[in-house]
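Here the structure is a predicted model, which means the values were calculated and not measured. Below, read A as the first sequence line, B as the second, and so on, with proteins coming before strands; counting in each chain starts at 1.
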Protein chains: 2
Amino acid sequence: MGNNQNLAAKVLFEKILDNIRLGIWPIGSAIPSERTLVSEFNVSRITVREALSMLKALGAISTSQGKRSVISPLDSNIISRLFPLMMSLQGEKTYEQIFEVRLAIESRTAYLAAVNRTEDDIVQIKALLEKLRIETSANIEQSIETDLQFHIQIAKSTQNPLFPALLNAISGFVTYVQVLSCRGNPVKRKRAMHFHETIADAIIGSDPERARVEMESHLRGSADKMLKSGMFKKKC
Amino acid sequence: MGNNQNLAAKVLFEKILDNIRLGIWPIGSAIPSERTLVSEFNVSRITVREALSMLKALGAISTSQGKRSVISPLDSNIISRLFPLMMSLQGEKTYEQIFEVRLAIESRTAYLAAVNRTEDDIVQIKALLEKLRIETSANIEQSIETDLQFHIQIAKSTQNPLFPALLNAISGFVTYVQVLSCRGNPVKRKRAMHFHETIADAIIGSDPERARVEMESHLRGSADKMLKSGMFKKKC
DNA sequence: CGGCTAAACTGGTATTACCAGTAGGGTGAT
DNA sequence: ATCACCCTACTGGTAATACCAGTTTAGCCG
């Protein structure tokens, strides 16, 4: 009655995934050829290719004709690509769940960035802030991308690569929300700009607690607007 | 130079995804049979099955032998499955980095659990606490697993499936740390037990701020111990 | 009319063959 | 000896066919 059959393709898929997870097939290395896997696992090439297709869909491997398939170094944006689809199907529930995670991550990145940021981070943050300032009143579409870059730069400033990776994973969600929330809404952009400046100021001034508080206010502000507007149900 | 070929399977995959997105094939409905898609898109059945495999990997459809494949709701547990993969594909990371993420997540789960926990959650938490109490003075190895279960239960109590998923993604490293930290160290276990009780008490008593603070203290306590032992900087 | 069976679906797997890129080794010219 | 070239033996990508194993359904028979 369920769908949990012992399908050969799925089994192979899991096996390969395990080999990746356990580091037997390191990132960037080439996995055995399809014909090799066929004889190794005693399955047909179809089964092998179906397993590889699943891995491809998850971004775990990348393939190109003539060359061996290789383990992808990292593709957190595969996850982010799913967000628009999920949002259009699930709407508010998903939105709130993701938002809560984002708040958990970013209130911490703001804090840690204020503690760990390097001089180079400060330069980057200031540059993005300036770019954002210009685009906010000129190119809205572009400013959404820069906005995301700003948040990711803060995550990088924690000096912990896992934070930008996590944020990147939900970046599809972030931009999706931004697009709906801010398109043709200069007032909201102005408000957001003010928060960005405050957050940057706190991080540069090594004031972690203030950075955290301002980041939370900033995110909650956007979230409230979204929930009220009911725009998250729109298709894209 | 990249891998963005016009692969028939990928094209079909996108087409089907579009049909889902646009609501042409609603959630729960059966998609055309593989043979139908074969003649409809003028591709071989292999190509069709590879496209469907990709959709399966993303959780967009579910298949079972003899029955038509159906569109399944693409909700956040897809992300739940992808987070662990993402973490394992992340390459070099230290226990310290993992810990920082854990702190970000768990200080939030403690808070949200105190807000959103159900009556059933309270029962579960109390049960795990009691199990922990017994094992702490009897079976250390087992208590580490129960410890993790306790933390995951708190994440579940947020009513947001993404939190337990994230915690699960980093649980492999978490337990490793616990083992190193507490093996044959009854005093530390006693201390941890006290924190567990306090956290549970705050969650049950709907005191989010206290739950958060206590959780942070608890985690930092373990972390400090790890820092002293020098194992914290290790790669994993 | 009701119950059972058999045919006509469905997805799952295997085999074979060929196309289309890539890389490596050998051969030729310089 | 060295370099350029090409040919061969790989690689993944696609197709056609056949069969297995479940599910559904239509029709037969009582």
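Toward the 5' end of DNA chain D, the nearer of the two residues A:P32 and B:R35, judged by each one's closest nucleotide, is A:P32. Residue-to-nucleotide proximity on DNA chain D shows that, of A:R68 and B:I46, the 5′-proximal contact is made by A:R68. Both A:V38 and B:E34 sit near DNA chain C, but only B:E34 has its closest nucleotide nearer the 5' end.
Phosphate proximity of C:dG11 to B:R49: absent, as no side-chain N or O sits under 4.0 Å from OP1 or OP2. The phosphate of C:dT10 has OP1 or OP2 within less than 4.0 Å of a side-chain N or O from B:S33. Between A:S44 and C:dA14 there is a side-chain polar atom (N or O) within less than 4.0 angstrom of OP1 or OP2.
For the pair A:I31 CD1 and D:dG12 C1', the interatomic distance rounds to 11 Å; values are reported in whole Å. Atom CG in A:L55 sits about 13 Å away from atom P in D:dG12, given to the nearest Å. If you take CG of A:L52 and P of D:dG12, they are 8 Å apart, rounded to a whole angstrom. As a whole-Å value, the separation of A:F13 CZ from C:dT13 C1' is 19 Å. Atom CG in B:N42 sits about 9 Å away from atom P in D:dA16, given to the nearest Å. In this structure, B:E50 places its CD atom 16 Å from P of C:dG11, rounding to the nearest Å. Note: CD (A:Q65) to P (C:dC19) measures 13 Å, nearest angstrom.
Distance from the side chain of B:T47 is smallest for D:dA15 among the nucleotides D:dA15, D:dG12, C:dG12. Ranking C:dT15, D:dT14, C:dG12 by closeness to the B:T63 side chain, first place goes to C:dG12. Residue B:R45 has its side chain nearest to D:dA18 when only D:dT14, D:dA18, C:dC19 are considered. Comparing C:dT22, C:dG12, D:dG13 by their nearest atom to the side chain of A:K67 picks out C:dT22. Comparing D:dA15, C:dT15, D:dT14 by their closest approach to the side chain of B:L7 singles out D:dT14.
Checked for salt-bridge contact, A:K15 and A:D18 miss the test: no charged N lies under 4.0 Å from a carboxylate O. One finds a salt bridge joining A:R49 and A:E34 here, because a Lys/Arg side-chain nitrogen approaches an Asp/Glu carboxylate oxygen to under 4.0 Å. Between A:E14 and A:K10 no salt bridge is recorded (no basic side-chain N to carboxylate O distance below 4.0 Å).
With no hydrogens or angles considered, no side-chain donor-acceptor pair links A:Q159 and A:N116 at under 3.5 Å.
A perpendicular orientation is assigned to the rings of A:H218 and A:H196, their planes being inclined by more than 60° (bins at 30° and 60°).
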